[in-house]
Colleague: 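First the structure, which I've put down as structure tokens, then a few questions once you've had a look.
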Amino acid sequence: MMLEKSILAVITTDRQKVSGGAPIFFCESKKELEYVASNIEAITDGIAHALSEDLFIIVKH
Amino acid sequence: MTEYTFPIVFGVVFGTISRIIMLRTDYRQYPTYLHGKIIHLSLGFIAASLGALAVPAIMEKEFTAVTLLTVAATQFRDVRNMERNTLTEVDSYELVSRGKTYIEGIAVSFESRNYLVMFTGFLGTLSFIIWNVFAAIIVAVICLIVGSKLMSGSKIEDIVDIEQSKISFDGAGLYVDNIYIMNIGLEERKEEILKYGMGFILTPKNINIVTTIGNLGQRQAILHDVSVSLGVFRDSGTPALTPLIKRDLDDGRLGVFILPQIRDVAKAKSVIGSVPVLESAVRMPSESKSLNKGDKV
């Protein structure tokens, strides 16, 4: 199945900020956040976009 | 052997020669080496034969034979379809795709080249029959020259000014000059982009060009050609490393962000400059009657 323009994952260090549909990954630190985001980016062929310092989304374009 | 044999052979030979001249493999790598070339040379030969045969048919008052040319038209429309289908299939496996507009441009030029070949064959044979072989050679050479003139369209450097510009990050936003390109989240990617990326600003020379270079197909063609000529720093599975072109909404300038493997500014400028202006991207708002009417009042 080909997905176009969809949020594949949400990665954050702040539990208060997110909820809802896409898979959410909570991380302890900024370093872990970067590590998880780069892994998911590579695995899903998506792009990691930063919405703020502690909130990343992986988007399939 | 009939009185028409030599004129027909002459027309066919010169028609095919004109196809050979127009069939150049360049950086676009299309048609591909050998096999693709054979297909197009054969089609060129058929086109030349059709053009050459039409003349004796008219001379012998076999006017219905001209309907044969409609078969030719159908045949070459199929050539266009064939090109379009092949290139579209292959396009999804390119690291930086050609884009539909570019493909359409290539397909159209293949079709039109066959018509040029047909005219060369037709005029060559006609002048051979009416005058003599020397006149026919002159006519055929003129056809070859006109053909190659018609074939080469304008280039990007004719319509825009190309300037190198620095790329920078504002938070996660990637900018070329003041034009926003995209959002990059990961520090690692940002470092790669700053290390390998290059930015260029294309400033349109007049109002018509603002619309022409705004065309998404034209922009994709620039990215494709640059990636083919200078290489591209990316692989499947790294969509963050994608060359992109975005537009300044205020004045229609384009911000070109590329990731070449050969990072030579002068070369990059000349490659961007020699990208063809795609026929289907060309717009002429200045020719609009309703627009010009307003000026005169």
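Worth knowing before you read on, the calculation uses all heavy atoms, side chains too, and leaves out hydrogens, waters and symmetry mates. Chain naming here is simple, since letters A, B, ... match the order of the sequence lines and numbering starts at 1 in each. Keep in mind the model is a prediction, meaning the values are calculated, not measured.
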Colleague: Heavy-atom pairs under 4.5 Å with chain A: which of B:A172, B:G171, B:G185 has the most?
Modeller: B:G185

Colleague: Quick one: what part of B:A240 sits under 4.5 Å from any heavy atom of chain A, side chain, backbone, both or neither?
Modeller: both

Colleague: Starting at CG of B:L278, measure out to CD1 of B:I156 and round the result to the nearest 0.5 Å.
Modeller: 7.5 Å

Colleague: Mind jotting down which residue pairs meet the ring pair (Phe, Tyr, Trp, His ring centres under 6.0 Å) criterion with at least one end in residues 250-272 of chain B? Sequence neighbours excluded, please.
Modeller: none

Colleague: With rounding to the nearest 0.5 Å, note down the distance linking CG in B:L43 to CG in B:L23.
Modeller: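 Those atoms lie 10.5 Å apart.
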
Colleague: Across chain B and chain A, going purely by atom type as modelled, what donor-acceptor pairs are there at a distance under 3.5 Å?
Modeller:
from, atom 1, to, atom 2, distance (Å)
A:E34, OE1, B:E187, N, 3.1
A:E41, OE1, B:R189, NE, 2.8
A:E41, OE1, B:R189, NH2, 3.1
A:A48, O, B:G185, N, 2.8
A:H49, ND1, B:N183, O, 2.5
A:H49, ND1, B:N183, OD1, 3.4
A:A50, N, B:N183, OD1, 2.9
A:A50, O, B:N183, ND2, 3.0

Colleague: Tell me, do A:L8 and A:V59 make a side-chain contact under 4.5 Å, heavy atoms counted?
Modeller: no

Colleague: If you round to the nearest 0.5 Å, how far is CG of B:L202 from CD1 of B:I209?
Modeller: 11.5 Å

Colleague: Between A:L55 and A:D14, is any pair of side-chain heavy atoms under 4.5 Å apart?
Modeller: no

Colleague: For the residue pair B:L244 and B:I258, establish whether any side-chain heavy-atom pair is separated by less than 4.5 Å.
Modeller: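 When only atoms from C-beta onward are counted, B:I258 and B:L244 do not touch, as no gap falls below 4.5 Å.
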
